[in-house]
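Quick notes on the structure that follows.
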Amino acid sequence: MRPFAYTRVSDTGAALAAGRRGGRYIAGGTTLVDLMRETVEQPDELVDISSLELREVATTAGGALRIGALVTMAEAAAHLEVRTNFPVISQALELSASAQLRNMATIGGNIMQRTRCTYFRDVSAACNKRRPGTGCAALDGHNRSHAILGGSDSCVATHASDVAVAFAALEATVEVLGPDGQRSVPFAEFLLRPGDTPEREHALRPGELITAVEIPAHPRPLRSGYLKVRDRQSYEFALTSAAVALHVQGGVIRAAKVAAGGVGTVPWKLSAVEVRLVGQRPSESLWAEAAEAAADGARSLQHNGFKVDLLKRTVQRQLRIVGGNK
Ligand code: SF4
């Protein structure tokens with residue numbers, strides 16, 4: 001590991017000052033320290049923000065749920081308001097990583113985690129994301145876990161976060177503080193598809209700090225849940241996943257929020273599925289018909305063609321779990 005400076009800050013002003021001079025923010029460190037050990041990341045300065053007052057989970061006056069950036073995955077998953085009103089968030093968190101990691105990793109760090117593409121983590125492999133312009137070893141390599149949606153000729157790596165899929169479905173915003181003040185970034189615009197610049201992964205400007213993720217108020221009751229399909233039942237990343245939230249009133253679906261994970265270069269909002277659900281009565285045939293749209297636009301690689309059908313079946317199954325078997 002290359003030597004680096006370490007700065008511990010206790011207020012956001014000091015954090016932003018350190019961020020302005022190029023320091024890398026670190027809290028739980030569960031991704032960044034691994035990448036530093038593997039020399040994939042070599043920051044000159046780490047800025048430890050774990051003492052900042054960003055640890056609150058609260059409901060705002062308008063009914064939105066605000067989760068501080070430094071709330072750990074375990075704390076968020078166990079929080080009564082999260083479990084009661086947004087089980088899709090709790091379930092996504094509990095199906096992520098190990099208990100030890102969930103006790104360390106934070107919500108802000110979770111959505112900023114970097115891809116699990118093995119070539120990205122192998123510094124001897126060609127990787128446009130790690131070293132722009134060097135190529136993409138995954139395109140002609142072992143690409144079973146890679147993306148079928150949102151990829152480019154430069155990169156086809158999936159985003160690994162589970163809770164980010166729930167945030168995408170629920171149309172969260174990322175609250176950010178920077179040299180120019182506060183701003184809110186819609187989740188759909190926060191994580192970037194690779195295009196020609198896969199090294200650019202998010203919409204943060206230099207020195208900006210995530211302060212919270214806010215989930216807007218949704219009509220009640222809102223039934224929701226998260227389904228994760230993977231090669232083994234624990235401590236494994238998704239092959240496919242589905243976050244589903246439905247508001248059903250008078251026997252009719254009034255609102256539907258659906259997103260998929262494990263298949264896209266970013267958490268993949270399934271707007272075409274949502275459109276097919278709204279205004280309809282829950283039924284087995286509706287789940288099947290809506291899920292057919294889940295893989296619209298999919299482009300598979302040599303080893304991941306199975307994800308197209310698996311994604312549709314994952315979405316159909318989770319619609320049935322959340323919406324009922326009528
Ligand atoms: Fe790198 Fe992306 Fe290709 Fe993986 S898929 S090797 S992260 S460029």
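Note that ligands are numbered from 1 as they come in the structure, with each ligand's atoms numbered from 1 the same way. Throughout, residue positions are numbered sequentially from 1 according to the sequence presented.
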### Message
Applying side-chain hydrogen bond (donor to acceptor under 3.5 Å, both in side chains) as the test, list every pair that has at least one member in residues 175-188; sequence neighbours left out.
### Response
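Those involving residues 175-188 are Thr173-Glu175, Glu175-Ser184, Arg183-Glu208.
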### Query
Does Ala147 come within less than 4.0 Å of ligand 1, judged by its heavy atoms?
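The answer is no, since Ala147 has no heavy atom less than 4.0 Å from ligand 1.
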### Shortest non-hydrogen contact between Ala138 and Val156, atoms and distance
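It is CB-CG2, 4.3 Å.
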### Query
Which atoms form the tightest heavy-atom contact between Ser152 and Gly195, and what is the distance?
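Looking at all heavy atoms of both residues, the closest pair is OG-O, 2.8 Å.
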#### Entry: Metal environment of atom 2 (Fe) of ligand 1, protein N/O/S under 2.8 Å
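Metal shell, protein only: Cys155 SG.
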#### Entry: Interfacing atoms of ligand 1 (cut-off 4.0 Å, heavy-atom, Ala126)
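Near Ala126, meaning under 4.0 Å from one of its heavy atoms, ligand 1 has 6 (S).
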### Message
Tell me which one of Val71, Val88, Ile89 satisfies side chain to side chain contact (heavy atoms under 4.5 Å, CB included) with Val82.
### Response
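Of the listed residues Val71, Val88, Ile89, the side chain to side chain contact (heavy atoms under 4.5 Å, CB included) partner of Val82 is Ile89.
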### Task
Hey, can you tell me if His218 and Phe86 have their rings parallel, tilted or perpendicular (30° and 60° cut-offs)?
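The arrangement is perpendicular - the two ring planes meet at more than 60°.
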### Query
Are Arg8 and Ser51 close enough that a side-chain donor and a side-chain acceptor fall under 3.5 Å?
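Yes - a donor-acceptor pair under 3.5 Å links their side chains.
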### Query
Below 4.0 angstrom, N of the basic side chain to O of the carboxylate: do Arg2 and Asp44 qualify?
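Yes, charged N to carboxylate O under 4.0 Å.
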